[in-house]
Amino acid sequence: MQVIFPLLIPLLTAILGLLAIRSSAGRRLFFAASAGGQLLFSLWLLASVFSSGSQVMYLGGWSAPYGIVLVADPIAAIMVVLVCLTAFSCILYGFQETSIRNEHPLRLPLIQFLVLGLNLSFLTGDLFNLFVAFEVMLLASYALLTLEADDWDVRQAFPYLAINLFGSAFLIALCAFAYGLFGTLNFAHIAVRAQEMSGEPLLVAFGMLAMLVFGIKAGLFPLYYWLPNAYPIMPIALAALFGGMLTKVGVYVLLRLFGTILPHDMDLLYVVLAWLSAATMFFGVLGAASRPYIRGILSFHILSQVGFMMLAITFMTPFAFAAAILYMAHNIIVKSGLFLVGGAVMVLNRTDKLENTGNLWVRTPVLGVGFLLLALSLAGIPPLSGFWGKYMIIVAGFTAGEYVLVAIAIVTGLLTLFSMLKIWMGSFWQSKESVPVVTSDRRWIPMTVIVGGLTVISLIIGLLPEFFIQMAMTAAEGLLDKDAYIRLVLGDLP
Amino acid sequence: MMSSIAHLALFDGVAELFRAMDAASPRAHTSVLLLGIFGPLAFALALAISGKLEDRAVKIAGFLGFLLPALSGLWLWIAYLSLGVEGGYAFLINASTGLDFLGVSLFLGLNGISLPLYVMSGIVGLAAGIYAIQSGVERLRLYIILHLIMLGGLMGLFASIDLFFFFFFHEFALIPTFLLIAIWGRQGRRAVALELTIYLTLGAMLTLAGLIALAVLSGAGSFNLIALRVALMETGWQNAVYGLLLIGMGILVSLFPFHSWAPRGYATAPAPTAMLHAGVLKKFGLYGLIQIAVPLLPEGAMAWNPLLLWLALGNILIIGLITLAQRDLKLMLGNASVMHMGYAFLGIFAFSAAGIGGAVLMMVAHGLSVALLFLLADSIETRCGTTDMRDLGGLGNQAPVLMAFFVAAIMASIGLPGFANFWGELAIFTALWASASPWVIAPTVAGIVISAIYGLRAVARIFFGESATEFRGGDLRGAEKAAALILLLSLFFVGFWPRSMSDSIDAAVADSFPPAATFAPVAALDD
């Protein structure tokens with residue numbers, strides 16, 4: 001029963017928000033309370049999944065594989081918590097960033113629809129509902145992207161819209177393909193059938209198409225060009241939510257697809273994905289190093305780090321999957337946090353172009369410390385949270401004998417550090433008399449507090465790695481244990 | 001081989017006491033080890049979370065934090081000799097961190113190779129700490145906290161038997177270095193801090209990759225150095241992994257041509273940071289090669305040795321000539337410190353117990369002497385406002401104590417008998433003579449001549465002749481003298497009684513070294 005709450009609460013919140021359409025402090029309070037409540041519910045769900053096992057819900061009482069099924073296994077529960085945490089932080093941050101008067105009345109309900117779409121994509125147990133979840137999420141994202149945009153921004157958003165429509169068309173084609181191939185769209189049922197078809201070329205074709213579809217969502221090379229231009233046009237609070245969560249849905253689906261649904265012998269797919277991942281992380285970080293403004297750098301970084309996660313997936317061991325999951329969890333928190341730092345810089349320096357920012361280390365050292373911890377964590381410096389995932393990915397790479405890929409990962413890590421230091425030098429260290437630091441704009445203080453909250457969570461992951469690595473291991477083992485998933489969803493159905 | 005301490009009746013009583021303590025509670029000495037690592041970290045934490053404190057309280061707490069590792073080092077040194085461990089591991093403790101499934105646990109202890117470095121680290125830490133406390137910089141509390149964290153990391157690094165924590169403690173010490181340079185460094189500190197961060201992170205990442213490869217490819221699946229000793233790796237892998245470790249650690253030790261970060265870094269860093277980094281932290285790479293890479297990957301080491309020879313000669317001759325050309329004292333010392341690493345690398349190249357043992361002794365001696373030189377160079381800068389030797393002169397009259405210390409430190413770094421450095425260099429030369437390429441002695445000795453030229457020229461420029469700058473502040477103050485004295489006495493102590501360290505180094509090297517190598521005990525040199 002708990003499974004339904006992450007869907008029901010955002011849906012009801014969004015609808016109620018649409019009924020009271022005028023922005024007001026009370027309405028904000030309502031949305032914040034709902035987001036906080038969702039976070040608590042998601043933690044509750046996570047705790048019960050880890051203590052009493054995965055949960056399945058057959059909507060309308062129609063049993064799988066015929067009806068709609070929702071599955072909360074460890075990985076899904078972890079992802080839902082991350083969605084709720086990011087959404088909660090970004091909603092609170094948005095309240096600081098935009099005044100009630102300037103807030104578009106649709107923004108908060110749309111965020112709830114986005115959360116609904118995200119949660120549904122993690123909890124759904126069938127491919128068609130995954131498509132529905134993606135559409136809900138994408139519709140909300142199209143609207144959010146252009147809600148407060150000017151003409152120039154809308155032009156930047158166009159590639160995002162185009163590529164995602166393209167992706168959606170492929171996804172529905174993938175559903176049709178799956179139905180034709182397996183006669184079912186239920187994940188567990190596909191897993192049963194795919195196992196019987198192991199080695200058939202059509203199955204490889206299915207895998208390739210799926211990789212294309214979800215690769216687009218995740219920002220896989222060479223289909224990522226839409227992302228770094230689209231995210232920076234949004235208000236920072238939304239960019240943080242998008243940057244933290246949206247691409248990770250693609251990563252999650254690939255984890256599910258390769259781990260639970262498809263047979264574990266699709267070596268061609270793993271090789272192709274591994275090299276595309278390497279290209280993604282390398283070209284992503286090169287893009288980041290070349291961008292002159294904070295949101296641009298961070299947007300390119302999203303890609304680079306998605307490459308890390310996908311690379312780990314291709315090693316196809318529980319350890320490597322755990323590495324991908326831990327790295328993803330860390331990255332969602334840290335990436336959102338960094339975007340939010342970018343927002344505070346924009347409030348203080350009135351811009352995030354590095355040549356016109358500066359003086360912040362002296363004027364706002366607390367924000368500087370927060371940024372530094374998040375940035376070093378992103379670069380994978382021990383003992384911060386990013387180190388553990390990266391470390392595990394390198395170990396997994398060595399174990400798999402993929403030395404060249406490990407080397408690319410190491411170089412990427414170094415370039416990440418370089419581009420993060422670029423922000424640090426430009427915004428925090430650079431002392432320029434001509435650059436104003438508007439500390440009288442008090443919004444930066446609550447913004448810094450929210451950044452601080454995310455930093456503390458990242459620090460906890462870094463300093464108590466055993467707890468989180470164990471969690472990731474449990475989730476990874478769950479993902480790779482096809483039989484257990486099939487039994488969980490289908491019972492004793494053959 | 002009997003421990004050298006047994007030769008001295010004076011120590012009989014002390015040794016008896018330490019043995020009795022060990023018999024009464026086997027954990028007694030281990031807790032001293034833990035105190036040496038976590039003591040400074042605890043004081044750093046206490047200083048960080050205490051509210052408003054008087055300057056005096058900050059200084060006392062800082063001093064205690066710096067004192068603990070030095071005391072711990074001396075205590076364990078005596079205990080190690082008293083217990084007659086003969087180079088093997090002692091004071092072991094293995095604490096689970098919950099990461100056992102990654103092959104990682106907090107496994108601490110000291111052997112004949114790590115103990116001298118642990119002791120040196122504590123001594124340099126105390127001297128650097130005293131110098132930092134008296135420096136009167138702005139934001140003194142943060143300054144002390146960062147140095148304490150650095151010191152805790154250094155002590156942990158040498159005490160780690162688990163390679164993961166060996167790396168982990170190194171990073172723990174490295175990150176405060178960046179901040180210290182960035183915040184309190186000299187002019188151009190930001191660019192230097194950036195360069196150092198990127199360069200050293202590259203070295204650290206390659207090292208990490210090498211260590212992971214070691215654990216994974218050897219099939220041990222563990223980072224436990226003792227467990228890894230029995231795991232064997234194929235020759236092909238040995239070459240690749242050793243190469244990774246040599247380049248990674250080489251960057252961190254400023255092996256030619258990966259050295260360019262070092263001179264500017266040291267010249268820019270605040271003095272206590274330069275003392276700890278050039279004196280101790282930089283030894284991470286050499287220590288890693290000697291303790292880990294060479295014994296575990298002997299075939300890889302053999303394969304890379306010809307290249308290592310040329311790189312080490314690059315350190316000695318090319319950097320030696322560059323050092324000669326320096327006009328700034330701190331840049332000269334930074335370059336000289338890079339140059340002297342060449343000798344230690346030659347010790348590894350010699351591939352014998354004498355060479356490697358000599359390299360360990362050299363690391364200890366170099367750590368002490370370079371720390372002393374950076375301390376004195378900073379004292380000169382605070383008094384004259386510059387370290388440009390063209391503007392300095394005549395300091396001998398105004399600061400005779402400073403001069404005495406400086407001359408002694410230069411003599412030590414040249415490797416004069418009576419100082420610890422002599423024994424390290426002598427052992428390395430002996431080993432080179434016995435090695436496959438005895439001709440290497442010639443350019444190496446030329447390096448000593450280069451050291452003598454720039455060292456003595458610096459003494460002449462700074463302390464004799466006419467001064468072009470205003471001299472303020474008088475001779476060395478009490479705290480400065482104390483810090484310098486600690487280092488100088490240590491150099492003398494090891495210089496006059498090298499067996500206090502070389503016996504255990506020798507035993508440990510012989511123990512961990514491939515049996516095929518030629519064996520010429522370091523201890524034989526001072527008999």
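In what follows, chains are A, B, ... by sequence order, proteins preceding strands, each numbered from 1.
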Below 6.0 angstrom between ring centroids: does that apply to [X] and [Y]?
X: A:Trp388; Y: B:Phe164; answer: yes
X: B:Phe107; Y: B:Phe165; answer: no
X: B:His170; Y: B:Phe166; answer: no

With chain B, which of [options] has the greatest number of heavy-atom pairs at distances under 4.5 Å?
options: A:Tyr391, A:Phe418, A:Trp361, A:Phe387; answer: A:Tyr391
options: A:Ile410, A:Leu376, A:Val406, A:Val395; answer: A:Val395
options: A:Met425, A:Lys390, A:Met473; answer: A:Met425

Region of A:Leu464 that comes under 4.5 Å of a non-hydrogen atom in chain B: neither
Side chain / backbone / both / neither for A:Phe467 at chain B, heavy atoms under 4.5 Å: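 A:Phe467 has no heavy atom closer than 4.5 Å to chain B.
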Parallel, tilted or perpendicular: ring planes of B:Phe158 versus B:Tyr287, cut at 30 and 60 degrees: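 Ring orientation of B:Phe158 relative to B:Tyr287: perpendicular.
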Segment of B:Ala215 engaging chain A (4.5 angstrom heavy-atom cut-off): neither
At a heavy-atom distance under 4.5 Å, which candidate from [options] has the highest pair count against chain A?
options: B:Leu206, B:Val104, B:Thr197; answer: B:Thr197
options: B:Leu244, B:Leu202, B:Leu179; answer: B:Leu202
options: B:Ile212, B:Ile175, B:Thr201; answer: B:Ile212

Over 12 foreign heavy atoms within 6.0 Å of CZ, B:Phe38: yes
Whether over 12 other heavy atoms sit under 6.0 Å from A:Phe282 CZ: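 Not more than 12 within 6.0 Å, no.
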Sidechain-backbone polar pair: B:Arg189 side chain, B:Ile181 backbone, donor-acceptor under 3.5 Å: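 Side chain of B:Arg189 to backbone of B:Ile181, a donor-acceptor pair under 3.5 Å: no, none is there.
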